Amino acid sequence: MTTIGFIGSGNLGSTLARLAVDAGHDVVLSNSRGPQTLQGLVARLGPRARAATPVGAAAAGDLVVVTIPVRAHRQVPAEPLHGKTVIDTLNYDPARQGRVPGIDAGDTPAHLLLAAHLTRSHVVKAFSSIFFKHLATLGRPAGAPDRSALPVAGDDATAKKTVATLIDSLGYDAYDVGPLAESRRFAPGTPAQLAHLDPAGMFAAPGRPVSAERLAKLLEAQETP
Ligand SMILES: NC(=O)c1ccc[n+]([C@@H]2O[C@H](COP(=O)([O-])OP(=O)(O)OC[C@H]3O[C@@H](n4cnc5c(N)ncnc54)[C@H](OP(=O)(O)O)[C@@H]3O)[C@@H](O)[C@H]2O)c1
């Protein structure tokens, strides 16, 4: 079992923490307001959970999930993450979140912003393509006919394997999309990023399972610009 640090413990972070605790992992949660504001969540998650500062969570994690608003990505503590595997869930979706000055103007594509900040970490994009409520409900045991696949992208093969093992333990198959830059194939607005949504009900409806075969077709549909 693994200790997973969380930089960000909101909708997606707390959902992942729940799945991780249920799978037998330890979690160290953090947010921007301080560990004292996470005591309720820690109590709900039970003895495998504790709260810390972002620096503390980064230092404690065998791997660390960064799951904060993209506008805050430069506040992620880089030094304690040196050499570590970091899961990047960040999406920049101006249509829904509004535009962030300094991101629009920059040279770095939005899906690579965290990696550009954490140059000495092994960044793997994952969990960015599924709505947190659907992530909470679509997990299935290995081999189940309706098990869903989630895309992962990263430049370090060992880090990607670590993340794939975590994803498997949480009830999903990991689908390797390739290097980190290929995470553009499941960036906001792409067919793969919307795959679990029922078009009739979108975020209000239950999520739909997405097999690895279907995910592969959707990823292919996102052509190179
Ligand atoms: N929600 C989804 O279904 C979903 C799905 C895929 C990807 N994503 C992406 O995942 C990220 C998180 O989404 P979310 O919906 O979970 O957001 P959220 O509910 O607003 O939670 C954001 C979390 O980040 C923390 N945070 C903000 N600034 C921080 C900082 N400087 N240092 C440490 N923690 C900080 C917040 O803490 P405070 O409350 O203390 O500020 C909060 O715990 C976003 O980039 C989003 O695009 C979300």
Side-chain angles (χ1 to χ4, degrees), residues 4-20 27-42 44-45 49 51-61 64-81 86-100 102-103 109-115 117-118 123-139 148 150-153 163 167 170 172 183-190 192-198 202-208 210:
I4 306 168
F6 283 83
I7 313 289
S9 305
N11 289 325
L12 187 59
S14 64
T15 300
L16 278 169
R18 174 85 264 165
L19 294 177
V27 299
V28 183
L29 306 167
S30 73
N31 64 7
S32 75
R33 289 165 295 145
Q36 71 285 356
T37 66
L38 289 165
Q39 289 314 314
L41 176 59
V42 165
R44 288 194 296 282
L45 289 171
T53 62
V55 169
V64 176
V65 183
V66 175
T67 183
I68 62 176
V70 70
R71 64 175 176 276
H73 71 277
R74 288 191 193 88
Q75 292 161 26
V76 174
E79 196 278 328
L81 293 172
V86 174
I87 296 177
D88 169 2
T89 78
L90 274 51
N91 282 331
Y92 180 43
D93 188 355
R96 292 184 50 234
Q97 302 168 338
R99 307 206 82 87
V100 178
I103 291 181
H111 58 284
L112 301 178
L113 282 169
L114 188 66
H117 175 64
L118 300 178
V123 175
V124 178
K125 199 89 174 177
F127 303 112
S128 57
S129 64
I130 182 167
F131 182 47
F132 72 99
K133 290 187 181 175
H134 299 159
L135 180 69
T137 57
L138 287 176
S148 286
L150 296 176
V152 297
V163 174
I167 289 174
L170 304 187
Y172 293 85
S183 63
R184 64 175 185 77
R185 291 184 181 274
F186 55 96
T190 58
Q193 206 250 353
L194 300 168
H196 298 89
L197 293 178
D198 178 346
M202 296 300 280
F203 296 101
R208 301 186 302 184
V210 177

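Computed from a predicted model, the values in this text were never measured in an experiment. Read the numbers this way: they start at 1 and go in the same order the structure lists the ligands and their atoms.
Closest to atom 46 (C) of ligand 1 among all protein heavy atoms lies Asn91 N, 4.2 Å. Scanning all protein heavy atoms for the shortest distance to atom 1 (N) of ligand 1 gives Phe132 CD2, 3.5 Å. The protein atom (non-hydrogen) at minimum distance from atom 41 (O) of ligand 1 is Ser32 OG, 2.6 Å. For atom 37 (O) of ligand 1, the closest non-hydrogen atom on the protein side is Asn31 CB, 3.2 Å. Taking atom 19 (O) of ligand 1 as the reference point, the nearest protein heavy-atom neighbour is Asn11 N, 2.9 Å. Of all protein heavy atoms, the one lying nearest to atom 22 (C) of ligand 1 is Pro69 CD, 3.8 Å. What sits closest to atom 21 (O) of ligand 1 on the protein, heavy atoms only, is Gly10 CA, 3.3 Å. Given atom 5 (C) of ligand 1, the protein heavy atom at minimum distance is Ile130 O, 3.2 Å.
Against a heavy-atom cut-off of under 4.0 Å, Phe131 is close to the following atoms of ligand 1: 3 (O). Close approach of ligand 1 to Thr67 is summarised as follows: ligand atoms under 4.0 Å from at least one heavy atom of the residue are 10 (O), 11 (C), 12 (C), 23 (C), 24 (O). Annotation for ligand 1: atoms under 4.0 Å from non-hydrogen atoms of Ser128 are 6 (C), 7 (C).
For the pair Ser9 (side chain) and Ser30 (backbone), a donor-acceptor distance under 3.5 Å is present.
Within a 4.0 Å radius of atom 39 (O) of ligand 1, the protein contributes one or more non-hydrogen atoms.
With a 4.0 Å cut-off on non-hydrogen atoms, Arg33 touches ligand 1 through its backbone as well as its side chain. Neither the backbone nor the side chain of Asp93 comes within 4.0 Å of ligand 1, counting heavy atoms alone.
In terms of heavy-atom proximity, Ala58 sits nearest to Val64 at O-CG2, 3.7 Å. Nearest approach of Tyr172 to His134, heavy atoms of both residues: OH-O, 3.5 Å. The minimum heavy-atom distance between Lys125 and His111, with the atom names listed, is NZ-O, 3.5 Å. Residues Gly8 and Ile68 share a closest heavy-atom pair of CA-CG2, 3.7 Å. Nearest heavy-atom pair, Thr53 versus Pro35, reported as atom, atom and distance to 0.1 Å: N-CG, 3.9 Å. Nearest approach of Val210 to Ala195, heavy atoms of both residues: CG2-O, 3.5 Å.
Checked by distance only, ligand 1 and Ser9 come closer than 3.5 Å through their nitrogen or oxygen atoms. Taking distance alone, with nitrogen or oxygen atoms compared against 3.5 Å, Leu12 approaches ligand 1 more closely than that limit.
The local environment of CZ in Arg208 is crowded, with over 12 non-hydrogen atoms from other residues, nucleotides or ligands closer than 6.0 Å.
Using 4.0 Å as the threshold, Phe127 has a heavy atom nearer than that to some atom of ligand 1.
Closest heavy-atom approach to atom 44 (C) of ligand 1 within the set Val55, Thr15, Ile68, Thr53: this belongs to Ile68.
Side-chain contact check for Asp88 and Ser128: no donor-acceptor pair (N or O, by modelled atom type) lies under 3.5 Å.
Exactly one residue among Leu38, Ile7, Val65 makes a side chain to side chain contact (heavy atoms under 4.5 Å, CB included) with Leu29. That residue is Leu38.
Rounded to the nearest 0.5 angstrom, Leu135 CG and Asn11 CG are separated by 11.5 Å.
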